[in-house]
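What follows is a set of notes on a single structure, which appears directly below.
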Number of protein chains: 4
Amino acid sequence: MPFDIGGRTLESRFFLGTAGYPSPEVLREAIRASGTQVVTVGLRRQLSGNGHTNEFYKSIRDSGAHLLPNTAGCTTAREAVTLAKMAREMFGTHWIKLEVVGDDYTLQPDPFELVVAARELAADGFEVFPYCTDDLVTCNRLLDAGCRILMPWGAPIGSGQGLLNPTALRTLRQRLPDVPLVVDAGIGSPKDAVQAIELGYDAVLVNSAVSNAHDPATMARAFKLAIEGGRLAYEAGIMAKQDMAVPTTPVTGRPFVL
Amino acid sequence: MPFDIGGRTLESRFFLGTAGYPSPEVLREAIRASGTQVVTVGLRRQLSGNGHTNEFYKSIRDSGAHLLPNTAGCTTAREAVTLAKMAREMFGTHWIKLEVVGDDYTLQPDPFELVVAARELAADGFEVFPYCTDDLVTCNRLLDAGCRILMPWGAPIGSGQGLLNPTALRTLRQRLPDVPLVVDAGIGSPKDAVQAIELGYDAVLVNSAVSNAHDPATMARAFKLAIEGGRLAYEAGIMAKQDMAVPTTPVTGRPFVL
Amino acid sequence: MPFDIGGRTLESRFFLGTAGYPSPEVLREAIRASGTQVVTVGLRRQLSGNGHTNEFYKSIRDSGAHLLPNTAGCTTAREAVTLAKMAREMFGTHWIKLEVVGDDYTLQPDPFELVVAARELAADGFEVFPYCTDDLVTCNRLLDAGCRILMPWGAPIGSGQGLLNPTALRTLRQRLPDVPLVVDAGIGSPKDAVQAIELGYDAVLVNSAVSNAHDPATMARAFKLAIEGGRLAYEAGIMAKQDMAVPTTPVTGRPFVL
Amino acid sequence: MPFDIGGRTLESRFFLGTAGYPSPEVLREAIRASGTQVVTVGLRRQLSGNGHTNEFYKSIRDSGAHLLPNTAGCTTAREAVTLAKMAREMFGTHWIKLEVVGDDYTLQPDPFELVVAARELAADGFEVFPYCTDDLVTCNRLLDAGCRILMPWGAPIGSGQGLLNPTALRTLRQRLPDVPLVVDAGIGSPKDAVQAIELGYDAVLVNSAVSNAHDPATMARAFKLAIEGGRLAYEAGIMAKQDMAVPTTPVTGRPFVL
């Protein structure tokens, strides 16, 4: 079940976002319960004070998870590249979740700026995790630009709407069998995560669905188990859908006699 | 997380069907991997010989799971009642999964025969688990007839089509908050099971999706984990879907400085 | 394109409900714009005064449409039978849309009371149009009881949710090829009506989607055209869905030269 | 109901593709039955001989419809621009349906090449109808490049899968209220067309669903009527979906007395 991504071998297919938790303590509990090995963090986080900040990073460091800084809030390739370089210095990692938002309302990725930024960052030695749309051509451009990982969206960030276009996601998986694919954004509950994993996605990134739950730590554990289940199902071979009913209990034979 | 059903307290929300496995050994492994506490067994099973039969029941007995005999293959209340009584003697349990099939093609429950059989069996001391349609009126009739549990279908038996009418299933859950509800039939992969559990269903019954998997034991474990995850999510409070994007990483504040 | 139902040959596949219009005049315009040949009317209509009542019936009589009285508001077979007999006398028609509601919240049909009432009314010479669930066994029971037409629901009355279970509706059509089938309840816009007609349903009955529209007469005409289109499509042979893209414009040949 | 697009005022919201018909005669009948005012034609059409070609163009000229040449089969901006210029000379129109396919399997639009080609063609006086993806950022780039019309796909060309991501299409409509929007590709039956029109799309372009029908002329008329109906519904104000049942026939009052 371990898989390779960004030069590392991971057990957990559950990437966790760290924004919007009620408190650093709840975040710490959620990280622990999630079993995640990759946590994202925004460089532009709004923090009320240094005390919180320190506690926040301590939570993450203590978890042993890999840090995946993101460029949330950037709207141009230039901004994103600058922020990515700051992140590399500050966090000591060449991993970057590249977000270049092209619309304030849907917060959707800008395919054009994304490719420009990805090319520059990949050439500069970054391992780029691009938050991108689900269309194959954009994804191929990102690969051409030097990305080795893709993070297509399921639905708008924070919407919890699940996978709006499973057909597109299935096509990506079929056409890019060797690229680590992570569904990023839109997942609202474990059902959505399991759907992505059953489609063969390597991992999912979740934030709001955990941080907005009534009980984030329990929700983190819920996703952990469901994602593990989804992956096992993928490996075990999911039955094909049948058009109509097939009796599971054969009844053509003689009544059973002990 | 334990719940009460049929006079027993269970930990596992995963009921497992025992038909159609490649071999008794595979069945045994699947039962073990599933962690199930309730296995269904058809009285009219088609068995090739006594050797297999004995091994089959030994597998089930050894698992420690409760036996839930079913009346698969019956098309009238009368047949089902007769078979239920045979099952009670043979298996030493007053639990009965009541199946009265009203159509050879969809294998769908016959609401009318079901109510008649349920009334007679409940009066005779059975704990009736009726495999039924998803309409509220039929479900209420079954409760009036003495059922204390309902097992609405998600889709035709063995079809793996998932939950064809989630709205109907949600309505049942909302209107019958105190009745143990189990989705029976139609579940094709853990995603479907998680969906049912997130709707608040108490358990799911799965057969084909496990027995038809390339690796049934792994699939059984997949369902186990996913169902546990789905239930935790239900308890943790699933976020409401948002119409549009909500930034999870707030960017209104000043750039983060360590 | 004409079809036979209840002993009559009709051109229009659009049955119209007459409740909830802003005024009798709007109703009259909607009936005219719809081209309907069958209008339903509730015997228990809440009317503010006799003036309205007379105008209401005049609207319907003038349209030349067949009247299909309904038993809306009944919750037992007994009530429905009584009301049906009153309707026959008052309206001079043996057609009756049989509604026996089994739940105040979903207003869903009660399969059990429905069968009882249908049997009695059919034996008494009524042409029964039962508003029923979408499950095949209930539908078969209604046919056994003497119904020659079925009106399964698409979704709860007045909800506008469309066809909640198209698979169930498709099964009904496949299994009952010779029975006139009308989708009743739940249709929210012409899209839903077209979907039903493309599935091979003989007609649809719509009320709220017309009466609640900002402009009911225009909406009535919208449904009229869409339903005609849907029926033509059904007759013309709808293409099978393809798994993937197929070039419609072949490009293997030489560039076109005039 | 008339609308403006590309400098012309049209009555019909049904654009028709001309590829893949059994014969020029069938095509002629389909065009006539469709009432279309815009027909697309591929420059690279594979034609078996000049006789057919002449007959083909005569069919189109006789219909009086506007010709919308397409660049089907192009995979680079350069190719598409060249072909567009040829088309302008050959057909005497500055309208061009810009297709630059980025993937041989899904035949999906290439957002990047599309923008490059659109910019050049718009600057050169073309009215560009770009066949594009459904993501808002790409659409905005095309508008910035000089397009005044957008033709997002519903599903892969020729697949008949309908609208795979209605949420994305709805977002486009909401965010670009003043841009003529046409759903291009993927429509399998009138139901899909009506759905697009009810979402507020100005028109739909259909080819395979008509040319592959058993009876293309009847299917063309089916789409014509359904699309007209869908548009009227949009104008009449579609009811909001209700969570649960609302009685259309009020029954709280006294029984009706004539």
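Note: hydrogens, waters and symmetry copies are ignored here, and every other heavy atom, side chains too, is used. Letters A, B, ... are given to chains in the order of the sequence lines, protein chains preceding strands, and every chain is numbered from 1.
- Using bins of under 30°, 30° to 60° and over 60° for the plane-to-plane angle, the ring pair D/Trp95/D/Phe129 lands in the tilted bin.
- For the salt bridge (charged side-chain N to carboxylate O under 4.0 Å, His left out) test, no residue two or more places apart in sequence or in another chain qualifies with C/Asp134.
- Heavy atoms closer than 4.5 Å to chain C are found in the side chain of D/Glu198, but not in its backbone.
- One finds no salt bridge joining C/Glu89 and C/Lys85 here, because no Lys/Arg side-chain nitrogen approaches an Asp/Glu carboxylate oxygen to under 4.0 Å.
- For the options C/Ile227, C/Thr218, C/Asp103, heavy-atom pairs under 4.5 Å to chain D are most numerous at C/Thr218.
- Evaluation of the side chain to side chain donor-acceptor pair (under 3.5 Å) rule for D/Glu11 yields no partner, not counting sequence neighbours.
- Counting heavy-atom pairs under 4.5 Å between each of C/Ala217, C/Ala155, C/Ala236, C/Gly237 and chain D puts C/Ala236 at the top.
- Taking chain D as the reference chain and counting heavy-atom pairs below 4.5 Å, the highest number among C/Ala193, C/Ser189, C/Pro216 is found for C/Ser189.
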